Amino acid sequence: SSVHIKARTNEALQALHNLVEDNPNKNVWAILDGKNVNSQDPHIVSVRVNGEQKYIRFKDASYAETLRNMNMPQTSFFVKMLRAPSNWLRRSFTTLNPEFMISNFSRDIQAAMFNAAAEADIEGGLIEGKGVVAEMLKLTPKTLKVLMRAESPKAMKTLFAENPELERYYQDFKDDGGKTGWSYAKPLDQIAADLEKKSSDKNALQDMLGKAENFAQVVEGYNDAFENSIRLSAYIAARKNGVSREKAAQMAKNITVNFNKSGEYGQLLNSVYLFFNASVQGSFRLGRSLLTMKPPTYPDGTQRAFKDRFNNAQKMAAALTVFSGMAAMLALAMSDEDEDGELYYNKIPDYIKERNLIFMRPNGKDYFKLPLPYGFSMFSNLGTAAVEVGAGHKEIDTAMMQMVSSFMNSFSPISFGQSKDLFTKAGKSAVPTVFKPLVDVMTNETYFGGPVYSENLPYGLQRPESSLSFRSPESVKSFFRWMNEATGGSVDVKGDLDFNPDKMYYIFEYFIGGAGKFVTRTGEVARGLAAKVEDNDFRIEANDVPFARILYGQPSRYMDMEDYRSRRQEIMQLSKELKNNPRADKPERYIGVRKLNNILKKLDKNLEALRNAKRRALDIEDYTKRMIRIQEIQDKERKIVMQFNKYYEQIRKD
């Protein structure tokens, strides 16, 4: 395999040799024959041409250094250690996850529209002046069928009709190097290892694992088809508009994120921080589209007015801001109120709004969502935040913080997420991706700022850890409860082995990635359907249904409880301060505190009774009946929580 890599490397260097030979420039480069050449000179690169040893000498030694490292790169033990889990997470969150093809396709086609529009307008653009965008969108459904047919198993190829013309273009597309994707981002030494593995003799275990790998390859193939359908349509549209094959392939490869492009430390940083290189390339692509204006003069030499120099991508970004604002206005107008008086629209988590365009359904409760392209989503967030602040549904400081977060998430190659304070946020962000779930558990804070697990309150009766779970599937909760009871505990008493399953399940869920979550989510929905058959009132949340959850959503059932917990903490703290050491300079600080504290005492008793009922429900042996009973209790808990939230809004804010 290393011989093949060296041979292909030499082919590339031969093309460079011909370029240097045809364009001599002693200030940049020169061709040297094999006589009296110091092979250790840092300025030279060796290449064999027609069997003869030749050398290319660069004035800048960094060019030669880059080219000399085209062979098998040397990496440290630490990077090699991180690479395996990082590569698994990368595959699991992307090409191995069946849901990824929907969200990725939605983002890519929007990003391709912006970028193609920019390339047609900016000076030196790859398709300058060509009408490619409309043709690209028209061709995408056809190219998707061609690629799906190419990636399908033999038995399924008949599902997609042949298209000889587009298939010929597809072959040209591959020959010209236009194809790219997540699976093409492997470092050379890993590609070499894969080739060695495939060429070795198979044994029974390899054959068994190979069958599982075949299924994974089908999922990856379809994801690859969705990834490259837009690139192929861009390539064909460019070719049909008179662009050369080389430029068409270059444009197709860079129409969204070019995963084959990487800097000197790209692979190292990619092993430490997941999708680091993709984020850098995406930011560069976004900057080229939005920071490059049309030429200052028209082709005939006349001067352009400044307002006429904005390219179509910039105009589309401004239009997206306005459109998102209008969509937010319409959503607020269409949204009904929940029992606590809060609009259902306001119960959609901010991280959902940050990544999607939201369209409320006529029922005023559920909504459709359209995944937004990375980077360009910032303009959508600006329009949404402006409307929410203007309509009085969000404080301006909260909106500003969300815009800062959106900007950082769009352009920073290191993910920051949400956090309770700046110090924790910075610490979590600096940790290599592989170790992030461990840090999340230690800080009890997910990427989105919510709790990883529930904790006993510092006062009152301490419940067993195994009964505090809210995140884990029921089968996992049952196992940890059994372990507690088997070592002398019960639903009310701690045993010798009493652990909160959410801590371990959170780490497990993180490492199984998107593909693993798709499998577990599918299993939970299947169990939910069984409960639905037995009790028609049992609800299956749209947010938990595979595929549907990407484009359809319901207000989060956890937001009411999160609001209750934060407000409960606030009222209890203010009540204690009012009793012991009130601040005379801020009397408005204590508006309604005594009344809300008294309400809390009553509601807490009701919630404690429901928690006891939930613990008793855990003893129901029939899984379906247990699920139905627990959901009934959770609905009652939510009504009590919303009741307090309604009182809080009326007393504290009216």
Side-chain angles (χ1 to χ4, degrees), residues 93 273-275 279 342 345-356 358 369 371-372 374 377-378 381 384-385 388-389 393-433 435-455 457 468-472 500 502-503 505-511 513-514 517 541 543-544 549 553-573 638 641 645 648:
F93 280 117
Y273 300 108
L274 207 61
F275 307 124
S279 180
E342 186 65 82
Y345 173 81
N346 290 335
K347 293 189 175 185
I348 302 173
D350 287 328
Y351 68 85
I352 295 290
K353 295 177 185 176
E354 183 179 322
R355 292 164 172 78
N356 302 271
I358 303 298
K369 51 184 177 177
L372 288 163
Y374 298 113
S377 60
M378 179 179 60
N381 296 333
T384 301
E388 290 178 346
V389 170
H393 292 275
K394 185 168 288 183
E395 297 296 327
I396 189 167
D397 56 341
T398 303
M400 289 296 294
M401 287 301 297
Q402 287 176 356
M403 285 305 303
V404 171
S405 174
S406 174
F407 180 84
M408 294 177 70
N409 290 336
S410 295
F411 296 104
S412 172
I414 299 175
S415 181
F416 286 89
Q418 308 293 327
S419 193
K420 57 191 173 186
D421 60 66
L422 186 60
F423 183 80
T424 306
K425 186 171 186 173
K428 287 170 59 178
S429 302
V431 172
T433 303
F435 303 122
K436 282 187 184 294
L438 303 175
V439 176
D440 288 348
V441 170
M442 287 189 287
T443 59
N444 193 19
E445 191 176 74
T446 68
Y447 175 84
F448 299 109
V452 173
Y453 55 91
S454 294
E455 298 179 277
L457 296 174
L468 294 175
S469 174
F470 71 92
R471 178 184 301 278
S472 306
N500 190 326
D502 288 351
K503 297 180 182 180
Y505 188 75
Y506 180 82
I507 296 173
F508 169 76
E509 190 177 39
Y510 185 93
F511 280 107
K517 289 177 185 176
E541 301 287 343
N543 300 333
D544 298 328
R549 57 185 287 274
Q554 294 172 310
S556 172
R557 60 181 183 269
Y558 298 117
M559 286 194 69
D560 295 315
M561 185 60 72
E562 286 299 309
D563 287 342
Y564 167 78
R565 286 172 179 162
S566 62
R567 290 167 176 177
R568 180 181 186 276
Q569 185 72 12
E570 176 193 343
I571 294 302
M572 291 179 68
Q573 289 175 341
R638 186 165 178 265
V641 164
N645 288 340
Y648 180 93

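This one's a predicted model, so the numbers in the text were calculated from it and none came from an experiment.
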Exercise. Is Glu395 atom CD crowded by more than 12 heavy atoms from other residues, nucleotides or ligands, each under 6.0 Å away?
Worked result: no

For this session: Step through the shown structure and confirm whether more than 12 heavy atoms of other residues, nucleotides or ligands are within 6.0 Å of CD1 on Ile396.
Result: no

On a heavy-atom basis, which atom in [X] and which in [Y] lie closest, and how many Å separate them?
X	Y	result
Tyr506	Tyr447	OH-N, 4.1 Å
Pro437	Phe511	CG-CE1, 3.6 Å
Met378	Met403	O-CE, 3.8 Å
Asp502	Ser469	OD1-OG, 2.6 Å
Val389	Ala399	CG2-CB, 3.4 Å

Straight-line distance of [X] [atom1] to [Y] [atom2], nearest 0.5 Å:
X	Y	atom1	atom2	answer
Met561	Ser454	CE	OG	9.0 Å
Phe93	Phe275	CZ	CZ	7.5 Å
Lys436	Thr443	NZ	OG1	10.5 Å
Ile571	Tyr564	CD1	OH	11.5 Å
Ser405	Met408	OG	CE	7.5 Å
Asn381	Asn356	CG	CG	10.0 Å

Within the 4.5 Å heavy-atom criterion, are [X] and [Y] side-chain neighbours or not?
X	Y	value
Glu562	Ser556	no
Tyr648	Asp563	no
Arg471	Thr446	yes
Ser377	Arg355	no
Met442	Val439	yes
Lys347	Asp560	yes

Please check if the side chain of [X] supplies one atom and the backbone of [Y] the other of a donor-acceptor pair under 3.5 Å.
X	Y	answer
Thr433	Leu274	yes
Ser429	Lys425	yes
Asn444	Tyr453	yes

For this session: Would you please say whether a donor-acceptor pair under 3.5 Å links the side chains of Gln402 and Lys394?
Result: yes

List the residues meeting ring pair (Phe, Tyr, Trp, His ring centres under 6.0 Å) with [X], not counting sequence neighbours, and say none if there are none.
X	answer
Phe407	Phe411
Tyr374	none
Tyr505	Phe508

For this session: With sequence neighbours left out, write down each residue that passes salt bridge (charged side-chain N to carboxylate O under 4.0 Å, His left out) with Arg567, or none if nothing qualifies.
Result: Glu649

Exercise. How would you list, by chain and number, every residue that makes a salt bridge (charged side-chain N to carboxylate O under 4.0 Å, His left out) with Lys369, sequence neighbours excluded?
Worked result: none

For this session: Using the salt bridge (charged side-chain N to carboxylate O under 4.0 Å, His left out) rule, collect all pairs that involve residues 437-449, keeping only residues at least two apart or in two chains.
Result: Lys428-Asp440, Lys428-Glu445

